[in-house]
There are 2 protein chains.
Amino acid sequence: MKSLSIKDIATKANVSITTVSFIINGKAKEKSISEAVIDKVQKIIEESGYKPNQIARSLRTGNSNIIGLIIEDISNSFFSRIARLIEDKAYKKGYKIIYSSTENSVDKAKELINMFKSRKVDAYIISPIKGIEEDIQMLINDGNPVIFFDRNLPEISTSYVGADHFNASYQSIESFINQGKKNIALVTTDINVPQITERYDGYRKALEDHNIPYNDDLVLKIHFNQEEDETIGQIKELFNDKNIDAVLFATNYLAISGLKVLKKINKKIGADFSVIAYDDHEAFELHTPGISTVQQPLEEIAENVIMLILKQLSSKTKLEDQQIIIPAKLIIRE
Amino acid sequence: MKSLSIKDIATKANVSITTVSFIINGKAKEKSISEAVIDKVQKIIEESGYKPNQIARSLRTGNSNIIGLIIEDISNSFFSRIARLIEDKAYKKGYKIIYSSTENSVDKAKELINMFKSRKVDAYIISPIKGIEEDIQMLINDGNPVIFFDRNLPEISTSYVGADHFNASYQSIESFINQGKKNIALVTTDINVPQITERYDGYRKALEDHNIPYNDDLVLKIHFNQEEDETIGQIKELFNDKNIDAVLFATNYLAISGLKVLKKINKKIGADFSVIAYDDHEAFELHTPGISTVQQPLEEIAENVIMLILKQLSSKTKLEDQQIIIPAKLIIRE
DNA sequence: AGTTAAAAGTAAAACGTTTTACTATTTCAA
DNA sequence: TTGAAATAGTAAAACGTTTTACTTTTAACT
């Protein structure tokens, strides 16, 4: 069964296609279409269940009312929660979100950008990875609104919304130090983006400011794409071989791997071994004892992302780039 | 900067639009275009970075190479994990997935269907909710491939892939009984879909088969859309007021609320109080003691969904409906 | 009574593709 | 040397909208 077109409606109502189009788009008044005709056409549309073909519409107008969201991995709870919030807020403004995961693959990221481009999404919300700078610069050059969140690419100048990773990390380490810890480890990834390096910088600076010598042996950089088993092995080595009394995990999935290790080697979290995880997760609240975490302000991040995007979409001219850094919250659990 | 069109390429190559189109779509040979021309055009396409406008393409061909995925909530780990798997597999076959959450709202579900429809997605993968039967029936009548997963709607006849909820639930309860439990509670939701009612039926049947009287007081039906605080309150009441030695949670988020209650009232899981959760979650593995769970076969579900969809998409005729029920796995953790 | 302005509506081009039906040239067998 | 078949390619219609520029009718004012 072919679906109805504007032509069918026009025929049924005995008016021109143009008239129907004006009515659909709420321009009837301004184009001086009579009440009688408006009512008639609207009734027919209602009864027939006609919905305009968005593809034809996009082809003609050049925009789609769709915002593309590119993230690392939708099955990571940080991203899925933020995706949900962004979707919610965009939806209320009449925008739809389509999202896809890069899985940290440069090739897939590029393909996704191409797919979104050839589908003419109106704007891009991206948690970027290294290696796609050129592609993104092209998007920007072509006049597409692009906004980064969570991660940033210093080479690209565009708006960015993210948490204050440096300070969150600094404060975490400081809280360890205040508890009297001296041998503080950092488990992080080797992804080379500011969002991650800032956590490292915060770690280092906090040690330095409190006159604790930095020890490279206590920093474990996990390769970003490896199997969890391998990660667990490396963390186990760290915990077994080094003398450690506190550890900061730079992402929630690293923390989860770390907790699995602790369970396996039967090491208890307590007075002589403290843990803080970056990015909250349901497992941390439930854990006994509760795992302290750095909570990213998801709601605020989503809010600001959407706010910036919508502002740009409704403006004729290119707005100035903004860097919105939102403090993260250290949640201490016992 | 306007993006290139096929026309630009044709002009540059000094050939017709038709020729370029044939080359792009790999029909050059069959349409007898000479090697020389093919090479020339391909080189130009390569150099210029031209990408066909998918919108125009969709408008003309009537399909989009996009599959719409409608789920309840992308921030629920069951859905986000399955979404990721489906996305992965579809991607490898050249299909893109766009997904959106219904949040258990009939209105939003209907809107999503309309949005997908007006964007001409090639197929629909839906975890359905009550109240959208009519809309889905229309999709099917219009000849769209539709496949349900996780949940089913008995009124609609279409393919379905899901876990064997009845037996999973039955086995869970049986394992309680084998441990000598007598007062077994069920915490479930009041969503009225087979996927949920089967879990209830399995619970009841297992009790019955082992001559344990069914007690309505031990079944708590949580309203599907309420705040977590309220849920926690109700579960707390159940745990405090009734004499219970085991509990099956029918979804992972209910189990998480339940674990929070246990932590709060300081009730320990152990010999005299057992727990099984439906749908695994990282928190369950990490929990001390580990929480036993019914693991849904995510990989197989995703696999079968995609397999059925692709089969339908590549077939001219409507294939017969299939109901694929996959056993779930009871994981006992100590 | 004649002019102008407003009201009510429409024809047709354009968006960027795919595809059908066609033309013109070359090859080759009889 | 003819004519059929193969080769190499193209013009134009169609997909379903939006929008510009236009026409016709009615009303309003001198």
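Here is how names work: the chains are called A, B, and so on, in the same order as the sequence lines, proteins then strands, and each is numbered from 1. Worth saying up front: this structure is predicted, and the values here are computed from it rather than measured.
- For Ser21(A), a side-chain nitrogen or oxygen approaches OP1 or OP2 of dT18(D) to under 4.0 Å.
- Proximity of a side-chain donor or acceptor of Glu133(B) to a complementary backbone N or O of Gly131(B) within less than 3.5 Å is detected.
- Looking at Ser118(A), its side chain does come within 3.5 Å of a backbone N or O of Asn114(A) through a donor-acceptor pair.
- Between the side chains of Asn141(B) and Gln137(B), at least one donor N or O lies within less than 3.5 Å of an accepting N or O.
- Side-chain atoms of Asn63(A) do not come within 3.5 Å of backbone N or O of Asn65(A) as any donor-acceptor pair.
- In this structure, a donor-acceptor pair under 3.5 Å is present between the side chains of Ser16(B) and Thr19(B).
- Near-neighbour residues of DNA chain D inside residues 48-65 of chain B, defined by a heavy atom below 4.0 Å, number-ordered: Leu59(B), Arg60(B).
- Residue Thr18(B) places a side-chain atom within donor-acceptor reach of the base of dA11(D), judged by atom type and a 3.5 Å distance cut-off alone.
- The pair Glu35(B)-Lys29(B) meets the salt-bridge criterion, with a side-chain N (NZ, NE, NH1 or NH2) lying under 4.0 Å from an Asp/Glu carboxylate O.
- Across the protein-nucleic acid pair, Ile23(A) atom CD1 and dG9(C) atom C1' stand 10 Å apart, rounded to whole Å.
- At distances below 3.5 Å, at least one donor-acceptor pair connects side-chain atoms of Ser64(A) with backbone N or O atoms of Lys120(A).
- One atom, CD1 of Ile45(B), and another, P of dT17(C), lie 10 Å apart when rounded to the nearest Å.
- For Lys27(B), the side-chain atoms get nearest to dT19(C) when compared with the rest of dT19(C), dA11(C), dT19(D).
- If you check dA12(D), dT10(C), dT18(C) against the side chain of Phe22(A), the one that comes closest is dT10(C).
- In the interface, the side chain of Thr19(A) is not paired with the base of dA8(C) through any donor and acceptor atom under 3.5 Å apart.
- Atom CZ of Arg119(B) is separated from atom P of dG16(D) by 16 Å (rounded to the nearest Å).
- Axis angle between the ends of the helix from dA1(C)-dT30(D) to dA30(C)-dT1(D), five pairs each and rounded to 10 degrees, works out to 60°.
- As judged by a 4.0 angstrom heavy-atom cut-off over every strand, Ser5(B) is placed among residues touching the sugar-phosphate backbone only.
- Contacts of Ile24(B) with the nucleic acid, taken as non-hydrogen atoms under 4.0 Å apart, are absent.
- In this structure, the side chain of Ser75(A) does not engage the main chain of Arg84(B) through any donor-acceptor pair within 3.5 Å.
- Distance, Ile6(B) CD1 to dT10(D) P: 12 Å, rounded to whole Å.
- Between Phe79(A) and Phe149(A), the two ring planes are perpendicular [angle over 60°; tilted spans 30° to 60°].
- Between Asp135(B) and the options Lys108(B), Lys130(B), Lys117(B), Lys110(B), a salt bridge (charged side-chain N to carboxylate O under 4.0 Å, His left out) holds for only Lys110(B).
- For the segment residues 28-41 of chain A, the set of residues with a heavy atom within less than 4.0 Å of an atom of DNA chain D comprises Lys31(A), in numerical order.
- The interatomic distance linking Ile17(B) (CD1) with dA11(D) (P) rounds to 9 Å, in whole Å.
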Can Asn104(B) and Ile191(B) be said to form a side-chain contact (heavy atoms from CB on, under 4.5 Å), step by step?
-> CA-CA 9 Å; Asn104(B) 259 318; Ile191(B) 312 183; 4.0 Å; yes

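- In this structure, Lys7(A) places its NZ atom 16 Å from C1' of dT18(D), rounding to the nearest Å.
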